[in-house]
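One structure below.
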Amino acid sequence: MHASEEDRQAIREAIRKICAEFPDSYWREVDRTSAYPQGFVDSLTRSGYLACLIPEEYGGAGLGVTEAGLILEEINHSPGNGLACHAQMYTMGTLLRHGSEAQKRQYLPKIATGELRLQAFAVTEPDAGSETTRLSTRAVRRDDRYIVNGQKIFISRAKQSDLMLLLARTTPYEDLKNKTEGLSVFLLDMRKVGGKLEIKPLDMMFNHHTNILFFEDVEIPAESLIGEEGKGSRYIIDGWNAERILVASEAIGDGRWFVQRAAKYASERVVFGKPIGANQGVQFPIARSYAHVEAAAQMRDAAAAKFDRGEKCGAEANMAKLLASEAAWEAANACLDAHGGYGFAREYDVERKFRETRLYMTAPINNNLVLAFIGQNVLGMPKSY
Ligand SMILES: Cc1cc2nc3c(=O)[nH]c(=O)nc-3n(C[C@H](O)[C@H](O)[C@H](O)COP(=O)(O)OP(=O)(O)OC[C@H]3O[C@@H](n4cnc5c(N)ncnc54)[C@H](O)[C@@H]3O)c2cc1C
């Protein structure tokens with residue numbers, strides 16, 4: 001479904017209304033106690049907006065990446081953060097594009113209502129890092145099951161999810177002619193797996209529920225396989241553009257939050273007999289970061305429009321992620337600087353958002369690798385890897 005400008009404005013308004021129920025104090029408290037923002041996620045689930053990308057025939061809203069981006073942008077434009085629940089939007093696409101009809105009918109309607117939570121996406125491993133063709137977690141077929149052994153790291157929300165999308169090796173690396181093959185995607189129900197799946201939380205720089213996973217003879221039914229065995233990398237790469245656009249949207253939301261907070265504070269705080277924002281040393285960094293955030297938003301809009309028209313958008317999606325994450329970080333620094341010492345006081349929320357927004361330059365993919373994509377795949381320069 002293609003939403004009109006009016007529909008999009010209505011979506012923004014609806015998200016703002018939901019977010020207004022979760023003010024600064026709510027997010028400060030979940031940050032202080034390292035709690036999962038369950039109340040917020042429940043509210044968003046009930047509203048149906050978390051299922052915006054699920055087609056209507058499977059119980060979702062059937063909207064596009066443009067609208068999904070606006071939803072995440074508005075969440076981050078509020079005191080909140082879409083990271084708590086955005087994985088469902090990214091990961092669901094793999095099931096939608098490559099799952100069987102039976103899998104889609106089994107899972108999507110329940111994901112849409114929130115009865116089943118799909119919030120965990122397990123790719124990264126300690127020894128492979130960004131080089132995903134080197135993943136070594138093994139899934140070996142035995143009769144009607146796969147037996148999984150290995151380790152994953154930084155797997156977010158595994159404890160707040162029923163389902164997990166897992167990328168695991170089904171053919172040993174040495175046996176492959178094409179090294180990008182040999183990995184397979186599984187949708188596993190973590191409540192029902194046999195064997196031992198250990199989930200150990202990691203202590204991170206901000207309130208993010210990420211974990212190390214240990215798979216010890218974990219048994220999953222063979223029907224958990226999505227699509228064809230060995231084609232998993234391809235299926236995951238298919239989802240990357242949407243992921244880049246959605247992450248860019250969160251960064252844009254953060255960027256706008258920082259710019260507005262900074263401009264307001266700089267206009268009100270009086271030192272040396274005038275508002276500090278009258279000084280160009282304070283004003284210009286805020287104005288510059290505003291220009292960069294808005295430019296990133298234009299690139300994100302272009303990427304999302306192409307995506308929703310079914311056109312190639314790898315260049316725009318990667319540029320949007322790069323520009324938005326850098327602009328948000330620039331705005332974060334301008335906001336922190338403008339607040340002086342108060343920027344470091346938790347009650348102003350700047351330091352919390354500052355810690356949160358730094359992630360977008362690093363994950364889900366590092367900006368170095370985004371630049372490598374632009375340099376190598378868009379500009380045709382020689383490959384570094
Ligand atoms: C809070 C958080 C949540 C996360 N959530 C998830 C999740 O839910 N699921 C999941 O699967 N993963 C998740 N990740 C993992 C994230 O995607 C990885 O951190 C990322 O893929 C990079 O892997 P790495 O950390 O091992 O870095 P490395 O691959 O070790 O890279 C380290 C540095 O070297 C640079 N580098 C490496 N190779 C090159 C090169 N060829 N050219 C230039 N620079 C290079 C990188 O850009 C980076 O700066 C999360 C990470 C964080 C921090």
Side-chain angles (χ1 to χ4, degrees), residues 31 34 36-37 76 81-94 117-137 148 150-161 163-169 179 183-188 190 197 199-215 232-233 235-237 239-240 242-244 246-247 250-251 254 318 321-322 325-326 328-329 352-377 379 381-385:
D31 180 65
S34 301
Y36 184 69
N76 279 46
N81 195 310
L83 283 167
C85 53
H86 66 185
Q88 175 185 312
M89 289 191 185
Y90 304 164
T91 48
M92 185 277 304
T94 306
R117 298 163 304 166
L118 171 56
Q119 291 293 354
F121 182 34
V123 175
T124 308
E125 292 182 8
D127 294 335
S130 308
E131 193 180 0
T132 40
T133 51
R134 286 289 186 172
L135 296 184
S136 60
T137 293
V148 184
Q151 197 178 334
K152 295 274 177 189
I153 192 157
F154 300 129
I155 309 310
S156 307
R157 300 161 301 269
K159 282 178 181 275
Q160 288 81 27
S161 192
L163 306 173
M164 175 165 65
L165 205 69
L166 168 73
L167 188 62
R169 179 163 297 289
K179 300 296 186 195
L183 297 170
S184 302
V185 173
F186 300 90
L187 184 65
L188 58 98
M190 285 185 280
L197 172 57
I199 305 175
K200 275 180 111 172
L202 286 163
D203 195 7
M204 303 298 279
M205 174 173 139
F206 67 105
N207 185 29
H208 195 74
H209 301 265
T210 201
N211 309 277
I212 305 191
L213 308 186
F214 299 94
F215 295 82
S233 301
Y235 301 160
I236 298 294
I237 289 171
W240 277 355
E243 185 184 85
R244 308 275 196 276
L246 296 176
V247 165
E250 290 178 338
D254 275 352
N318 277 279
K321 191 275 185 187
L322 176 79
S325 59
E326 288 183 350
W329 183 234
R352 173 175 58 78
K353 279 267 192 190
F354 183 89
R355 286 183 278 119
E356 290 170 0
T357 211
R358 182 59 179 81
L359 180 72
Y360 297 120
M361 304 218 293
T362 301
I365 182 164
N366 198 284
N367 278 357
N368 271 2
L369 297 190
V370 170
L371 286 166
F373 176 88
I374 297 169
Q376 297 165 17
N377 297 37
L379 301 176
M381 288 192 278
K383 285 187 187 291
S384 73
Y385 55 87

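Start at 1 and go down the list; that is how both ligands and their atoms are numbered. In this chain, residues are counted from 1 in sequence order.
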Is there a donor-acceptor pair under 3.5 Å between the side chain of Q119 and the backbone N or O of C85?
->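 Yes, because the side chain of Q119 sits within donor-acceptor range (under 3.5 Å) of the backbone of C85.
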
Examine distances only and state if a side-chain atom of K353 and a backbone atom of N81 form a donor-acceptor pair shorter than 3.5 Å.
->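 Judged by distance alone, no pair lies under 3.5 Å.
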
Contacts of type salt bridge (charged side-chain N to carboxylate O under 4.0 Å, His left out), residue R355, not counting sequence neighbours |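 For R355, the residues satisfying salt bridge (charged side-chain N to carboxylate O under 4.0 Å, His left out) (neighbours in sequence not counted) are D31, E351.
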
Contacts of R352 that satisfy salt bridge (charged side-chain N to carboxylate O under 4.0 Å, His left out) - sequence neighbours left out =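 For R352 the salt bridge (charged side-chain N to carboxylate O under 4.0 Å, His left out) partners, ignoring immediate neighbours, are D349, E356.
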
If you count only heavy atoms, which residues are under 4.0 Å from ligand 1?
->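 Near ligand 1, by chain and number: F121, V123, T124, G129, S130, F154, I155, S156, M204, H208, L359, A363, P364, N366, N368, L369, S384, Y385.
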
Counterpart residues, side-chain contact (heavy atoms from CB on, under 4.5 Å), relative to H209 (two or more places apart) |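 side-chain contact (heavy atoms from CB on, under 4.5 Å) check on H209 returns Y36, Q160, N207.
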
Within 6.0 Å of NZ in K179, more than 12 heavy atoms from elsewhere |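 Yes, because the 6.0 Å sphere around NZ of K179 holds more than 12 heavy atoms from other groups.
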
